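First up is the structure itself, then whatever we jot down about it.
Every number for a ligand or one of its atoms is a count from 1 in the order of the listing. No experiment lies behind these values; they were computed from the predicted model shown.
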Amino acid sequence: MIKHLIKGGMVIDPSQELLGIYDILIEGDRIKRVEEDIFEPEAEIIDATGLIVAPGFVDLHVHFRDPGQTYKEDILSGSKSAVAGGFTTVVCMPNTEPPIDSPETAEYIRAKANCWGLCNVLPAGTITKGRKGEELADFWALKEAGCVAFTDDGAPVMDSDIMKKALELSAQLGVPIMNHCEDDRVAVGAVNEGEISALIGLSSRPPEAEDVLNARDCVLSYYTGGHVHIQHLTTALGVDIVRHFKDKGARITCEVNPNHLLFTEGELLKSGGNARVNPPLRKEEDREALRRALSDGTIDCIATDHAPHAVFEKGSVEAALPGIIGLQTALPIMLELVSREYLSLIKLVELMSTNPAKVIGVEGGTLKEGSPADVVIFDLKKEWVLNEETNFSKSKNTPLWNRTLTGKVMYTIKGGKVVYKD
Ligand code: DOR
Ligand code: ZN
């Protein structure tokens, strides 16, 4: 059996409240031991001196565009981008062509991902057939085919009766319902409502478009007992809404996209279409509320919403398709917030590994003995630039293109195999 020994790194594992210099012995695809000074002559050594060692990151929100739009991304390029960002498990969104509303499409994704074996690619099924918002998809069949969540992401579920039924079923199935909260009759434009929409004269997507659906879904979760996961939370009021209903005991989890923690709407003036995303970049007070909620338990997960689009689909703010790539930039953005003391490194690992694994109830997100050997090893200080040479995505739609980033993944290990090395 192949053995790896990760030596001398600063191990951070919130699942067992572990923080200190330890060695980790991997045997085959499992973690065998985590102790001080392990001696194992047969093992291949990975020197992690001066580096952080944590459970591989888990991303609940990526768009791999496969099947249907593989000129933007496919399962191989998406997986390469994921492991270069330290992710060993990702959940891919069902707004593909066709959408993941049938077992066949879910099985196609799992088979293709397994054939590359770089990272666990778990499909999310749609909530409604064809993502049309009219009729529930067959949750049992989709769960059977490996779907770990349901969402119509890219579009909201507008019909409250359908959402209520989805949550009732989710309570029976034990699978979370994830909603893209933006009322599509209120969110009609390209950017947040405010200075920028006024300046460039575009119709807008105001925060209330997001807050009304967020509040509705929290209410429905409260009454049905179903697990709702609020996707890409962006507003200050939204943080209060989630906090309120969590306090009341509702089964609610939520995620924030690193780009909403780093940028405000002003970024649109610098980066144009590359800063367009749904929900949109918001105001300073929203960003600050999100940042402050990272540490108090309101926000459960960081999720990248990695949303690749081709260069010709970006361009001007008005014409651009919404979305920003994010798998390789998530760690440096979150480390920037650690250095500004919005969260600790332990909290970062909780938000990027431990909690997301729990939300979908999969193995991973831990370095406990016997668990899958999914590990990320990163350098807190190493500077690098995201450019043609370092990017693994097929797309490059991010305001961070060509900018210097601090913090770099050095190794990603999935199931005991080194799947990325700097
Ligand atoms: O900006 C976004 N892009 N938001 C979404 O919800 C969907 C995504 C996409 O699919 O491009
Ligand atoms: Zn979305």
With heavy atoms and a 4.0 Å threshold, my read on which part of H232 contacts ligand 1 is side chain
Counting heavy atoms under 4.0 Å, the part of P322 that contacts ligand 1 is both
Of all the non-hydrogen atoms in the protein, which one sits nearest to [atom], and at what distance?
atom: atom 1 (O) of ligand 1; answer: N278 N, 2.9 Å
atom: atom 11 (O) of ligand 1; answer: R65 NH2, 2.8 Å
atom: atom 8 (C) of ligand 1; answer: H63 NE2, 3.7 Å

Quick one, H232 with H260, criterion ring pair (Phe, Tyr, Trp, His ring centres under 6.0 Å). Give me CA distance, side-chain angles, the key distance, then yes/no. CA-CA 8 Å; H232 39 48; H260 290 108; 7.3 Å; no
Hey, is there an N, O or S on D153 sitting under 2.8 Å from the Zn ion (ligand 2)?
yes
>> Closer than 2.8 Å to the Zn ion (ligand 2): does that hold for any N, O or S atom in H61?
In response: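 Short answer: no, not a single N, O or S atom is under the cut-off.
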(message) Ignoring hydrogens and geometry beyond distance, is a side-chain donor-acceptor pair present between H63 and H306 at under 3.5 Å?
(response) no
(request) Compute whether any side-chain donor of one residue and acceptor of the other, for S393 and Q328, lie under 3.5 angstrom apart. (result)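 Short answer, no.
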Restricting H180 to its N/O/S atoms, the closest one to the Zn ion (ligand 2) is ND1
Should the ring pair F57 and F378 be called parallel, tilted or perpendicular, given that the plane angle runs from 0 to 90° and is split at 30 and 60?
-> tilted
TODO: Consider ligand 1: state whether an atom of it lies below 4.0 angstrom from any non-hydrogen atom of Q231.
DONE: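 No; Q231 lies far enough from ligand 1 that no heavy-atom distance drops under 4.0 Å.
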